[in-house]
Protein chains: 2
Amino acid sequence: MRTRDEAKEVAIREKAIEMIVKEGFDGFSMQKLAKAANISPATIYLYFKNREDLLNQLYITIDEVFSDSSLRGFDPEMTFEEGLWLQWKNRFDHHVNYPNHILFMEQFRSSPLVDHKDIKITKFKAAMEQFFSNAIKRGELTELPLEIFWAIAYGPLYTLIKFHMLKKSLAGRKFSLTEAKMRDAFNLVVKALKK
Amino acid sequence: MRTRDEAKEVAIREKAIEMIVKEGFDGFSMQKLAKAANISPATIYLYFKNREDLLNQLYITIDEVFSDSSLRGFDPEMTFEEGLWLQWKNRFDHHVNYPNHILFMEQFRSSPLVDHKDIKITKFKAAMEQFFSNAIKRGELTELPLEIFWAIAYGPLYTLIKFHMLKKSLAGRKFSLTEAKMRDAFNLVVKALKK
DNA sequence: TTCATAAATGAATGAACATTCATTTATATT
DNA sequence: AATATAAATGAATGTTCATTCATTTATGAA
C-alpha cells in the first residue's frame with residue numbers, strides 16, 4: 001500500500017497558519033489552502049475531518065507549543081523573581097521563534113469557531129497557579145487576588161510583545177525589543193509586586 | 001422625494017457589530033446582515049459602498065467613540081497620578097458601556113481588512129504623548145522609553161478588562177471587576193512608575 | 001392632489017465556497 | 001513481478017456569497 005506523506009500534513013498546517021495570519025479568516029478557504037500547499041482539496045480531508053476540525057487542530061497544537069516553550073526550565077518552586085523572569089524570557093523567545101502564533105491566536109481567541117470547552121486544562125495552568133501560591137506562602141509578594149497578580153505580572157510583557165510584532169508594519173517607527181529593554185520593564189513589575 | 005431612514009443605517013451598523021462579535025468574520029455575510037436588520041440586501045448598498053467600506057466605517061466609528069470616551073474630562077496637564085487614574089476609569093467605563101466594541105476590535109486589529117494607513121493620527125494620541133512628556137518634565141516618573149511606560153501603565157488594565165469580558169463565558173469562575181479592585185491594581189502600577 | 005425623486009426592494013448573476021466521489025497512483029508485502 | 005491497499009486526485013455538487021438592476025414605494029414640494 002501507499003504510505004502517508006507526513007510532509008503533506010505539515011504543509012497543510014503551516015500554509016493554513018500563514019494564510020490566516022496574512023489574510024484573516026475572510027481570506028481563508030479550503031481551495032486556496034490546497035493550492036498554497038500544492039495538493040488537491042480532497043487531500044486535506046484525509047488529514048482533517050473538515051474545515052472546523054482543521055482549525056481546531058491548529059489551535060490545539062499552537063497552544064501546546066506555547067505551553068512547552070513557557071515551561072522550559074521552569075519549576076514552580078523557583079523564587080518569585082527568578083521564576084517570573086524565566087517566564088518573561090521564555091514567552092518572549094517563543095514569540096520570536098513563532099511570530100505567526102500570537103497573530104493566529106489573536107484572530108482566534110474571541111472567535112466562536114473553537115469550542116473552548118474541549119480544550120483540556122493543562123499542566124501549564126497548574127504550574128502557574130502553584131508558582132503564584134508558593135510566592136505568596138514565602139511572603140515574597142504583597143497579597144493579591146490571582147487576577148491582579150496576573151494582570152500586573154504579564155500585562156506589560158504582552159503589550160511590549162505586541163508593539164514588537166507591529167513595528168514591522170509601522171514604517172517610520174523604530175522599536176526593537178532587546179533583552180535589556182525587557183529587563184527594565186521587568187524590574188518595574190517586580191517593584192510593583194514585591195513586598 | 002422619499003427621505004432617508006436614519007434608523008436603517010443605525011440598525012445596519014449595530015447588527016453588523018453584533019454579528020461579527022457573536023459569530024466572527026466567518027459567520028458574517030451581507031445577506032444574513034440584511035435579514036438581521038430587516039431590510040433588503042440592496043439597501044445596505046445605499047448606505048455603504050460595499051462590504052469592505054461597511055467594515056471600515058464600523059472600525060473608524062468605534063475608534064472615534066473610544067477616543068471620545070477616553071478623553072472625557074482629561075487634560076494632559078493633569079498630574080501623572082490623577083491623569084492616569086482618570087484614563088483607567090474612562091477606559092473601564094467605556095468597555096462597560098460598549099462591551100461589544102473591544103471584542104469587535106480584537107477580531108479586527110490583526111486583520112488585513114482595514115487599511116490602517118488610512119486612519120488619521122488622532123488628537124487622542126497627541127494628548128497621551130503630551131501627558132507622558134509632562135509627567136517626565138515634572139519629574140513624577142522614572143525616566144523611561146515611551147513604549148515601556150505604555151506597557152506598564154496600560155498593559156495590566158487591558159489584561160483585567162479581558163478577564164472581565166471573558167468571565168461571562170467561564171461558567172465556574174466568579175470574577176467581577178469592581179472599582180476597588182481596579183484601584184488596587186492601579187496603586188501597584190503607580191508604585192512601579194513613580195520616582 | 002399630483003408630480004418628481006430618492007429610498008427601498010426582491011430577484012437575479014456569476015463567482016467562490018465546503019465537501020464528496022469515482023478514479024488513478026504509489027508503495028509495502030508477497 | 002504481481003497484488004492489494006491506502007494515498008492522492010480533479011472534477012463535480014449544491015450552497016452561499018457579494019453585488020447589481022429593473023421595478024416599486026414613500027414623501028417633500030408644487
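- Residue B/L141 holds its CG atom at 5.0 Å from CD1 of B/I136, rounded to the nearest 0.5 Å.
- Sorted by first and then second residue, the pairs that involve residues 131-141 of chain B and meet salt bridge (charged side-chain N to carboxylate O under 4.0 Å, His left out), not counting sequence neighbours, are B/R138-B/E140.
- End-to-end axis angle of the helix from C/dT1-D/dA30 to C/dT30-D/dA1, from C1' rotation axes over five pairs per end: 20° (rounded to 10 degrees).
- Cation-pi geometry between B/R183 and B/W85 is met: the NZ or CZ atom falls under 6.0 Å from the ring centre, inside 45° of the normal.
- Counting any heavy atom pair closer than 4.0 Å across all strands shown, A/Y47 reaches sugar-phosphate atoms only and no base atom.
- Comment: A/R13 engages A/E9 in a salt bridge, judged by a side-chain N to carboxylate O separation of less than 4.0 angstrom.
- Residues forming a ring pair (Phe, Tyr, Trp, His ring centres under 6.0 Å) with B/Y47 (at least two apart in sequence, or on another chain): none.
- One interatomic measurement links the two molecules: CD of B/E9 to P of C/dA6, which rounds to 18 Å at whole-angstrom precision.
- A/D53 places its CG atom 14 Å from the C1' atom of C/dT19, with the value rounded to the nearest Å.
- Here the P atom of nucleotide C/dT19 and the CG atom of A/L33 are 12 Å apart, to the nearest Å.
- Shown are B/N56, B/L58, B/L55, B/L54; of these, the side-chain contact (heavy atoms from CB on, under 4.5 Å) with B/F48 is made only by B/L54.
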Protein heavy-atom contacts under 4.0 Å, written 5' to 3' over nucleotides 17-30 of chain D as B (base), S (sugar-phosphate only) or - (none), form the string BBBBB---BBBB--

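- The interatomic distance linking A/I39 (CD1) with C/dT25 (P) rounds to 18 Å, in whole Å.
- Inspection of the B/N100 and B/E18 side chains reveals no N or O donor paired with an N or O acceptor under 3.5 Å.
- Annotation: side chain to side chain contact (heavy atoms under 4.5 Å, CB included) contacts of B/N90 (sequence neighbours excluded): B/R72, B/L86.
- Put simply, CG on B/L46 is 14 Å from C1' on C/dG10, counting in whole angstrom units.
- The side chain of A/K8 places an N or O atom within less than 4.0 Å of a non-bridging phosphate oxygen (OP1 or OP2) of D/dA8.
- Rounded to a whole Å, the CG atom of A/N38 is 15 Å from the C1' atom of D/dG10.
- Whole-Å rounding puts the A/K35 NZ to C/dA16 C1' distance at 12 Å.
- The side chain to side chain contact (heavy atoms under 4.5 Å, CB included) search around B/Y45 returns B/M30, B/N50, not counting sequence neighbours.
- As rounded to whole Å, 12 Å separates atom C1' of C/dA7 from atom CD1 of B/I12.
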